[in-house]
Participant: 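Mind having a look at this structure? Questions to follow.
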Amino acid sequence: MVWETDVALSALTRYRIGGPAARFASVDTRPELTEALRSLEGATCRVLGWGANVLVADRGMEEPLITLSGEFDFLRLAYDSVEAGAAAGLPALVGEVRREGRTGWEFLEAVPGSVGGGLRMNAGSSEVGLWDRAIWVDAMTPAGDIVRLGREDAQPTYRATRVPADWVFIAARFTAAAGDPAEVNAKHSERRRRKIETQVYELPSCGSIWKNPGPPHGSAWELVEQAGMRGAIRGGAQITERHANFIANLGGAAAADVLSLMAETRRRVHEAVGVWLEPEICLWGFEREELASVGAAR
Ligand SMILES: Cc1cc2nc3c(=O)[nH]c(=O)nc-3n(C[C@H](O)[C@H](O)[C@H](O)COP(=O)(O)OP(=O)(O)OC[C@H]3O[C@@H](n4cnc5c(N)ncnc54)[C@H](O)[C@@H]3O)c2cc1C
């Protein structure tokens with residue numbers, strides 16, 4: 001395990017935006033992860049999965065950053081469950097259960113990312129999240145101890161859990177009961193078709209920028225539209241015409257462009273309908289005032 005310095009994060013995030021990580025380590029084994037976490041001596045580190053939900057500041061980030069690979073990237077299908085390492089891709093997991101005709105996984109169709117990132121974000125649809133399928137999840141604490149968590153420990157909610165932010169997910173077992181293969185396949189195809197038709201896959205983005213505020217308000221994209229921000233462009237970033245809750249990198253966008261669109265949208269939505277939107281994406285390396293401008297905590 002080696003800590004590298006000044007590693008460019010624009011190449012490691014889906015947005016293709018952001019400055020370098022001051023310290024970065026790619027770890028392949030549990031002993032290496034323990035070593036990496038213990039070597040930090042209390043400094044808070046972050047974990048990068050596929051970077052499909054992270055916007056990194058143009059100046060980069062000071063917090064040490066870890067990514068998992070090697071032995072953390074595995075999938076094992078069993079009789080009525082599937083075990084996955086945190087570095088396994090969500091598309092690989094979904095592809096495997098779909099091919100094997102296992103039910104209840106279409107909610108995660110066409111969601112980019114890793115299993116670890118999916119657990120942290122409780123990724124999924126507005127009705128179902130990844131933790132709804134979890135039998136157990138193993139996480140490593142900053143002290144290097146491995147803790148087995150159940151759903152009741154994590155208390156998952158919409159795009160969040162109560163698991164401490166500095167714990168690293170390493171593996172999980174999920175339910176994957178056999179179903180009717182044709183029906184399973186049809187449900188996946190339909191979900192994929194709808195997502196690709198209504199969302200933006202051809203340009204770099206982080207998916208939905210804002211959490212849906214919940215009743216009595218509509219979806220976040222409806223509020224952005226009501227505020228007149230659909231299609232707005234700042235620098236190389238645009239609130240997409242197809243989906244008003246996506247901000248795409250049109251090419252050469254800076255993090256400042258995305259942040260400026262977010263801050264203006266949030267202010268205008270509040271003026272129009274009295275709701276303060278809350279970011280769904282993770283913002284790394286930003287100053288306190290920048291985070292406050294888009295309603296994010298450090
Ligand atoms: C086109 C598009 C469509 C999308 N559609 C959806 C959707 O339908 N539903 C949905 O929920 N999301 C969606 N997303 C967002 C994204 O796919 C999910 O949030 C996904 O879970 C991110 O996984 P990741 O590995 O890329 O995580 P990252 O972006 O790398 O990280 C996200 C968070 O997870 C943490 N993290 C990553 N790995 C670990 C780990 N091993 N242990 C602990 N914490 C970790 C990070 O520190 C960070 O806080 C979409 C994104 C795009 C670009």
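What you see is a predicted model; the values in this text were computed from it and never measured. Counting convention: from 1, in listed order, for ligands and their atoms alike.
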Participant: With heavy atoms only and a cut-off of under 4.0 Å, state how Ser208 meets ligand 1: side chain, backbone, both or neither.
Facilitator: neither

Participant: Going by the atom numbers of ligand 1, which of them fall below 4.0 Å from some non-hydrogen atom of Arg14?
Facilitator: 53 (C)

Participant: Nearest non-hydrogen atom to atom 49 (O) of ligand 1 belongs to which of Cys282, Ala87, Ala88, Ser125?
Facilitator: Cys282

Participant: If we check side-chain contact (heavy atoms from CB on, under 4.5 Å) with Trp210, which of these qualifies: Glu280, Arg266, Glu278?
Facilitator: Arg266

Participant: Could you check whether any heavy atom of Val200 sits closer than 4.0 Å to an atom of ligand 1, since that is the contact criterion I want to use?
Facilitator: yes

Participant: Measure Thr13 to ligand 1 on non-hydrogen atoms and call it side chain, backbone, both or neither using the 4.0 Å cut-off.
Facilitator: neither

Participant: Under a heavy-atom criterion of less than 4.0 Å, does Arg46 contact ligand 1?
Facilitator: no

Participant: Could you check whether any heavy atom of Tyr15 sits closer than 4.0 Å to an atom of ligand 1, since that is the contact criterion I want to use?
Facilitator: no

Participant: Heavy atoms only: which of Pro112, Gly85, Gly113 is nearest to atom 17 (O) of ligand 1?
Facilitator: Pro112

Participant: Please determine whether a side-chain nitrogen of the Lys or Arg among Glu271 and Arg268 lies less than 4.0 Å from a carboxylate oxygen of the Asp or Glu.
Facilitator: no

Participant: Tell me, please: is Phe72 in heavy-atom contact with ligand 1, that is, under 4.0 Å?
Facilitator: no

Participant: Quick check on contacts: which atoms of ligand 1 are under 4.0 angstrom from a heavy atom of Gly51?
Facilitator: 26 (O), 28 (P), 29 (O), 30 (O)

